Colleague: 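Attaching a single structure in structure tokens format; questions to follow.
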Number of protein chains: 2
Amino acid sequence: MTRWLDDDEQHTWRGFLAVNRMLFERLERQLQTGAGMPHAYYEILVRLSETPGRTLRMSELATNAHSSRSRLSHAVARLEEMGWVRRKPCASDRRGALAELTDEGMAALVAAAPGHVEEVRAQLFDALSAEQVAALGEIYDTVLAHMALSHMAPSRTAGPHMTPAETNAGA
Amino acid sequence: MTRWLDDDEQHTWRGFLAVNRMLFERLERQLQTGAGMPHAYYEILVRLSETPGRTLRMSELATNAHSSRSRLSHAVARLEEMGWVRRKPCASDRRGALAELTDEGMAALVAAAPGHVEEVRAQLFDALSAEQVAALGEIYDTVLAHMALSHMAPSRTAGPHMTPAETNAGA
DNA sequence: TCAAACGTGTTGAGGGCTCAACTATTCCTA
DNA sequence: TAGGAATAGTTGAGCCCTCAACACGTTTGA
């Protein structure tokens with residue numbers, strides 16, 4: 001019943017896993033030692049910095065930074081301790097909260113950016129041609145569109161993943 | 001000085017980040033609720049299951065599963081508690097340790113695999129044509145080859161510690 | 001031969017994340 | 001316009017991971 005991965009899919013999937021783990025490990029290390037923050041925090045600062053007024057509702061920030069509400073709440077608490085973000089009440093909705101990037105936070109981001117971009121370049125883009133970069137971007141767009149759809153469509157039946165080798169595909 | 005990302009690169013990079021966070025979030029959730037293990041542990045079980053004798057040296061297992069030694073050590077401790085893996089001394093090198101997949105561990109993997117594969121398919125491969133799958137696999141191969149090289153031939157010019165490099169907006 | 005260097009694996013502290021439960025506010029509708 | 005449902009955000013427990021330090025076995029070279 002299970003639609004196991006064929007050889008091409010298996011190969012691509014293992015490449016995906018390897019690239020992701022290695023790339024993120026290196027990015028995290030670079031950001032942590034070079035700028036004292038994990039990548040998730042960097043992303044939060046970036047999104048705030050791109051917003052006019054450098055201020056966003058928590059929930060909107062969560063969406064932009066691909067974060068859960070809970071994760072963002074913990075993260076902003078930490079970022080507040082560091083003095084990089086400030087919480088403010090939301091005038092139009094008293095349930096809400098606003099997160100505002102402080103000048104110190106902006107400075108931390110400006111200081112972190114060059115080293116981070118260099119690492120992304122060194123690990124990823126330096127390996128790829130312009131055509132490959134474009135192709136990769138299109139593939140990601142396709143996947144994102146698909147994920148957004150499947151998020152609304154229901155019915156997840158049980159099904160399998162990597163073949164446990166010894167059981168053979170049967171497993 | 002900084003070689004910022006151009007528009008295509010920026011677009012691809014943001015797609016990469018979005019796909020990765022969403023995909024892993026869904027995979028982790030599926031595996032956790034469906035099989036009671038995080039993806040990192042699933043990967044460890046897979047690598048062991050693929051080895052004749054279902055046994056590997058810790059360091060080799062770490063490499064295969066894209067794990068640090070420390071992470072693997074913690075993980076195997078946990079997997080031992082669950083009864084899915086057993087540690088054994090290594091005869092040829094008394095520093096070493098072997099990790100062996102137990103029958104219970106194999107059963108857990110066989111039970112977990114269908115649901116996991118289905119999720120990978122639903123979230124990723126169902127969105128892509130065979131050509132896209134192949135193209136993606138080649139791109140990952142390229143990146144992996146590049147990463148392996150840059151790992152040995154260092155000379156990261158900017159140095160591991162970046163001085164908060166004053167300048168430039170961007171982010 | 002034996003000490004220094006190296007390799008292998010473990011440990012514990014600390015931090016980030018998920019999950020579920022919770023408070024507070026706003027929306028919806030009868 | 002009250003009451004329930006939905007939304008916004010927070011919190012704490014528990015788990016996983018990283019980092020640095022450690023223990024111990026092996027290799028090397030003077």
Side-chain angles (χ1 to χ4, degrees), chain A residues 20-22 24-45 55-82 84-100, chain B residues 20-22 24-44 55-82 85-100 160-161:
Chain A
N20 275 280
R21 286 221 196 273
M22 287 191 197
F24 267 103
E25 184 190 318
R26 294 179 189 194
L27 293 185
E28 290 288 358
R29 200 189 328 273
Q30 189 282 320
L31 267 177
Q32 196 63 57
T33 66
M37 70 181 100
H39 183 262
Y41 291 12
Y42 182 87
E43 219 174 334
I44 290 169
L45 299 188
T55 303
L56 276 174
R57 280 293 289 272
M58 290 293 283
S59 57
E60 200 174 350
L61 181 53
T63 304
N64 292 357
H66 315 115
S67 178
S68 69
R69 291 176 198 281
S70 174
R71 178 157 92 203
L72 181 65
S73 191
H74 285 293
V76 167
R78 195 85 181 71
L79 289 168
E80 241 183 331
E81 284 177 21
M82 304 190 217
W84 292 349
V85 166
R86 182 168 33 235
R87 265 186 248 244
K88 291 163 53 178
C90 177
S92 62
D93 182 344
R94 285 188 332 216
R95 292 170 302 183
L98 301 172
E100 178 182 22
Chain B
N20 275 278
R21 285 220 196 273
M22 287 191 197
F24 267 102
E25 183 189 319
R26 294 180 189 193
L27 292 186
E28 290 287 359
R29 193 177 347 260
Q30 189 283 321
L31 266 176
Q32 197 62 59
T33 67
M37 70 180 101
H39 183 262
Y41 292 12
Y42 182 87
E43 219 174 334
I44 289 169
T55 302
L56 277 174
R57 280 291 289 272
M58 291 292 284
S59 58
E60 200 174 350
L61 180 52
T63 304
N64 291 357
H66 314 115
S67 178
S68 70
R69 290 174 199 282
S70 173
R71 177 157 93 202
L72 181 66
S73 191
H74 285 293
V76 167
R78 196 84 182 71
L79 289 167
E80 241 182 331
E81 283 176 23
M82 304 190 215
V85 166
R86 183 168 33 236
R87 264 187 249 244
K88 292 162 54 178
C90 176
S92 62
D93 183 343
R94 284 185 335 212
R95 291 170 302 184
L98 300 172
E100 179 181 21
H161 299 70

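From a predicted model like this one, the values you see are computed outputs, not experimental measurements. Each chain gets a letter, A, B and so on, in the order its sequence line appears, and its residues count up from 1.
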Colleague: Could you give the CZ-to-P distance, from B:R87 to C:dT8, as a whole number of Å?
Modeller: 16 Å
Colleague: Mapping A:A77 and A:R21 to their closest nucleotides on DNA chain D, which lands nearer the 5' end?
Modeller: A:A77
Colleague: Which value, rounded to the nearest 0.5 Å, describes the distance between A:H66 atom NE2 and B:E25 atom CD?
Modeller: 10.5 Å
Colleague: Please determine if a side-chain N or O atom of A:R78 lies less than 4.0 Å away from the OP1 or OP2 oxygen of C:dG16.
Modeller: yes
Colleague: Please work out if A:F24 contacts a base, only the sugar-phosphate, or nothing of the nucleic acid, heavy-atom cut-off 4.0 Å.
Modeller: nothing
Colleague: By nearest atom, which of the nucleotides D:dC19, C:dT26, C:dG9 is closest to the A:R29 side chain?
Modeller: D:dC19
Colleague: Atom CG of A:L98 and atom C1' of D:dA8: how far apart are they, to the nearest Å?
Modeller: 12 Å
Colleague: What's the CG-P distance between A:L72 and D:dA8, to the nearest Å?
Modeller: 13 Å
Colleague: Do A:R21 and B:E43 meet the salt-bridge criterion of a basic N to acidic O distance under 4.0 Å?
Modeller: yes
Colleague: Between B:R95 and D:dC24, is there a contact of a side-chain N or O with OP1 or OP2 at under 4.0 Å?
Modeller: no
Colleague: In this structure, how many angstroms lie between the P atom of D:dA8 and the CD atom of A:E60, rounded?
Modeller: 11 Å
Colleague: Any side-chain N or O of B:Y41 below 4.0 angstrom from OP1/OP2 of D:dC16?
Modeller: yes
Colleague: To the nearest angstrom, how far is B:R69 atom CZ from C:dT8 atom C1'?
Modeller: 6 Å
Colleague: Should we say atom CZ of B:R94 is surrounded by more than 12 heavy atoms from elsewhere, each under 6.0 Å from it?
Modeller: no
Colleague: Whole-Å distance between C:dG15 C1' and A:H39 NE2?
Modeller: 18 Å
Colleague: Select from B:E25 and B:H74 the residue whose nearest nucleotide in DNA chain C is closer to the 5' end of that strand.
Modeller: B:H74
Colleague: Select base, sugar-phosphate, or nothing to describe what A:S70 touches, counting heavy atoms under 4.0 Å on all strands.
Modeller: base
Colleague: Using the side-chain heavy atoms of B:R94, tell me which of these nucleotides is nearest: D:dG25, D:dG9, C:dC17.
Modeller: D:dG25
Colleague: Where each residue is assigned the nucleotide of DNA chain D containing its nearest heavy atom, which of A:Q32 and A:M58 is assigned the position nearer the 5′ end?
Modeller: A:M58
Colleague: Tell me, with the steps shown, if B:E81 and B:R78 meet side chain to side chain contact (heavy atoms under 4.5 Å, CB included).
Modeller: CA-CA 5 Å; B:E81 283 176 23; B:R78 196 84 182 71; 3.3 Å; yes
Colleague: How many Å lie between CZ on B:R26 and P on C:dC19, as a whole number?
Modeller: 13 Å
Colleague: Rounded to whole angstrom units, what separation is found between the CD atom of B:E81 and the P atom of C:dT11?
Modeller: 11 Å
Colleague: Taking atom CZ of B:R86 and atom CD of B:E100, what is their separation to the nearest 0.5 Å?
Modeller: 4.5 Å
Colleague: Does B:S73 make a side-chain donor-acceptor contact with the base of C:dT11, cut-off 3.5 Å?
Modeller: no
